[in-house]
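Chain letters run A, B, ... following the sequence lines, proteins first, then strands; residues in each count from 1.
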2 protein chains.
Amino acid sequence: MAEHSRARSTTKRAPITRETVLAAALELADAEGATALTMRKLADRLGVEAMSIYYHVPNKEAILTGLVDLVFAEIELPTAEHGWRPAMRDRAVSTRTVLVRHRWAIGLMDSRRDPGLATLRHHDAVIGAFRAGGFSIAGAAHAFSALDSYIYGFVLQELSLPFESSEELTEVAEGIVTEMPTGEFPHLTEMAVGHALLPGYSYANEFEIGLDLILDSLEQRLPLPGWGEKAISR
Amino acid sequence: MAEHSRARSTTKRAPITRETVLAAALELADAEGATALTMRKLADRLGVEAMSIYYHVPNKEAILTGLVDLVFAEIELPTAEHGWRPAMRDRAVSTRTVLVRHRWAIGLMDSRRDPGLATLRHHDAVIGAFRAGGFSIAGAAHAFSALDSYIYGFVLQELSLPFESSEELTEVAEGIVTEMPTGEFPHLTEMAVGHALLPGYSYANEFEIGLDLILDSLEQRLPLPGWGEKAISR
DNA sequence: AAGGTAATCTTACGGCGTAAGGTCTATGAG
DNA sequence: CTCATAGACCTTACGCCGTAAGATTACCTT
């Protein structure tokens with residue numbers, strides 16, 4: 001009984017830190033969604049009272065900011081090894097995977113103004129991969145903006161679709177189609193019936209189609225003035 | 001004094017309806033942001049008590065859903081008149097303009113699963129313009145997804161930039177550059193110093209660059225199998 | 001044993017969305 | 001003119017939220 005110091009009921013609880021707070025917040029958000037991420041529930045999960053968290057973190061905003069950086073840390077960094085195109089393709093796929101795994105993250109990204117270290121590291125690696133591939137500074141900026149806009153926007157749409165499984169899709173789409181005033185939205189109806197309701201359809205497949213669309217265009221722009229490096233050094 | 005019915009202080013207040021509620025909510029969100037949109041503040045603006053709103057609207061969620069549809073109603077519908085490309089370009093620009101005008105709207109789009117009438121009308125018109133331009137159903141779906149992903153994602157990034165004016169940009173970027181551990185993020189630093197900090201830079205300019213990137217690719221895909229209509233009717 | 005300090009807890013406040021039920025007021029029937 | 005009805009609005013209250021202020025505990029140093 002070297003350490004009988006454990007008081008009443010707690011069995012020498014491990015101390016909480018900024019890191020354990022963020023880890024618990026990540027778990028909680030993954031398990032129950034962003035709206036369930038409250039200081040009191042987070043404290044419960046940490047075996048602590050809500051106000052104790054404030055010793056390690058200035059306020060809830062800081063937790064959300066930290067969470068976004070944790071998410072960025074999960075994204076595969078691009079390497080320039082096999083060329084900018086496969087590097088960017090893999091990164092895009094990885095980004096989407098991570099953002100879908102943490103569905104609450106995309107909603108935290110707007111209104112969050114201070115990037116964390118992992119975020120900066122990620123951005124730096126992306127720009128570096130474009131530069132190594134021969135893009136000029138401006139070209140890399142264009143490419144970065146276009147690609148990331150597409151990725152974030154796709155996830156944003158994907159996560160707000162009115163269904164999750166293809167059974168739900170069928171249900172919802174049939175509802176839209178049948179209860180529409182006849183012929184009011186003919187093209188929407190046509191697409192639902194002749195495309196989205198077909199067996200095996202999944203919106204997720206659209207991701208790589210649009211991704212390759214953008215990558216193709218970037219490849220074509222690269223040799224153009226304003227996009228590629230004027231002179232390859234050495 | 002034909003109508004002396006006005007009680008105490010109120011001067012025969014106009015009755016509130018679902019429409020006036022939504023209009024007031026739009027004003028409030030525009031003026032003070034999404035977090036300021038509370039039932040009590042909204043009631044104040046309507047000259048009414050908070051609970052009275054619930055006579056016209058089932059809950060706050062319904063207000064948010066209605067707001068998103070109001071925003072969609074502001075977006076220019078594409079017309080197939082001058083071809084799908086300029087139609088889609090104008091629509092994209094209009095969409096971004098509207099979403100920037102109502103900065104809170106993009107944050108409401110995720111987690112909102114039931115499209116309103118204006119939203120459906122918009123989507124129908126977009127698909128219609130692609131179809132009229134010769135895209136197959138699948139091709140129109142690809143094009144729609146890619147383009148809208150880009151638009152929403154761009155606005156999402158644009159609105160979460162850590163600055164609003166170019167003075168703020170200078171300030172923030174200089175902060176990042178100078179306080180970085182020397183050389184930890186060389187490409188980020190290079191882009192800040194050699195691009196984003198140059199006089200006259202504005203991220204907003206990137207929008208049309210990326211937009212044309214996608215439109216170019218779509219134009220190239222159109223004749224390809226799986227994108228264009230197999231046989232033009234008649 | 002005493003004191004200091006880091007970590008946690010208690011209490012409280014104002015604001016949130018909204019459930020439940022009460023109160024006006026215009027209208028139209030008798 | 002009276003009065004029941006029903007629509008529009010209000011009052012009160014509940015449980016939840018983020019967090020300010022200050023008290024309390026646990027442990028280390030001397």
Side-chain angles (χ1 to χ4, degrees), chain A residues 1-25 28-29 31-68 104 107-108 111-112, chain B residues 1-25 28-29 31-68 104 107-108 111-112:
Chain A
M1 241 178 257
E3 19 120 40
H4 58 299
S5 60
R6 76 280 298 280
R8 283 149 225 147
S9 61
T10 55
T11 17
K12 189 65 180 301
R13 164 183 64 211
I16 74 177
T17 63
R18 191 191 114 96
E19 279 65 39
T20 64
V21 168
L22 287 182
L28 181 54
E32 305 186 40
T35 65
L37 180 50
T38 72
M39 296 304 281
R40 290 173 228 261
K41 285 191 187 172
L42 182 53
D44 273 359
R45 197 167 267 256
L46 288 162
V48 123
E49 295 301 316
M51 286 309 293
S52 304
I53 298 174
Y54 285 88
Y55 184 81
H56 305 277
V57 137
N59 51 43
K60 191 183 179 181
E61 271 298 295
I63 296 178
L64 300 183
T65 298
L67 279 187
V68 170
W104 42 267
L108 256 47
S111 80
R112 206 139 313 275
Chain B
M1 251 176 250
E3 19 118 41
H4 58 300
S5 60
R6 79 277 299 277
R8 283 149 225 143
S9 59
T10 54
T11 16
K12 190 63 178 301
R13 162 182 67 209
I16 75 177
T17 65
R18 192 190 115 95
E19 279 65 39
T20 62
V21 167
L22 288 181
L28 181 54
E32 306 186 39
T35 65
L37 180 50
T38 72
M39 297 302 281
R40 292 173 225 261
K41 284 191 188 174
L42 181 53
D44 273 359
R45 198 168 267 256
L46 289 162
V48 126
E49 295 301 314
M51 286 309 292
S52 303
I53 298 175
Y54 286 87
Y55 184 80
H56 306 278
V57 137
N59 51 42
K60 190 182 179 181
E61 271 298 295
I63 296 179
L64 299 183
T65 298
L67 278 187
V68 170
W104 42 268
L108 256 47
S111 82
R112 207 138 312 274

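The CG atom of A/Asp44 sits 11 Å away from the P atom of C/dC9 (whole-angstrom rounding). Atom CE of A/Met51 is separated from atom C1' of D/dT19 by 5 Å (rounded to the nearest Å). Distance A/Ile63 CD1 to D/dG18 C1': 11 Å, rounded to the nearest Å. Rounded to whole angstrom, the span from the NZ atom of B/Lys41 across to the C1' atom of C/dG14 amounts to 12 Å. Distance A/Glu49 CD to C/dA7 C1': 13 Å, rounded to the nearest Å. B/Met39 places its CE atom 14 Å from the C1' atom of D/dC9, with the value rounded to the nearest Å. The interatomic distance linking A/Leu42 (CG) with C/dC9 (P) rounds to 13 Å, in whole Å. Taking atom CG of A/Asn59 as the reference point, atom P of D/dC17 lies 17 Å away to the nearest angstrom.
Smallest separation of non-hydrogen atoms from A/Ala24 and A/Leu46: CB-CD2, 3.7 Å. Closest approach of B/Lys41 to B/Ala36, counting heavy atoms only: CD-O, 3.3 Å.
Residue B/Thr38 has a polar side-chain atom (N or O) positioned under 4.0 Å from OP1 or OP2 of C/dC16. For A/Tyr54, a side-chain nitrogen or oxygen approaches OP1 or OP2 of D/dT19 to under 4.0 Å. An OP1 or OP2 oxygen of D/dC9 is reached within less than 4.0 angstrom by a side-chain nitrogen or oxygen of B/His56.
Put simply, the side chain of B/Val68 does not reach to within 4.5 Å of the side chain of B/Thr65, judged on heavy atoms. A 4.5 Å side-chain heavy-atom check between B/Ile63 and B/Leu42 finds at least one atom pair inside the cut-off. Taking the side chain as every heavy atom from C-beta outward, A/Trp104 and A/Leu37 never approach each other to under 4.5 Å.
For the pair A/Ala36 and B/Ser52, nearest-nucleotide mapping onto DNA chain D gives the more 5' position to B/Ser52.
The listed nucleotides are C/dG17, D/dG18, D/dC9; the one nearest the side chain of B/Lys60 is C/dG17.
Contact of B/Arg40 with C/dG17 (side chain to base): a donor-acceptor pair of N or O atoms is detected under 3.5 Å.
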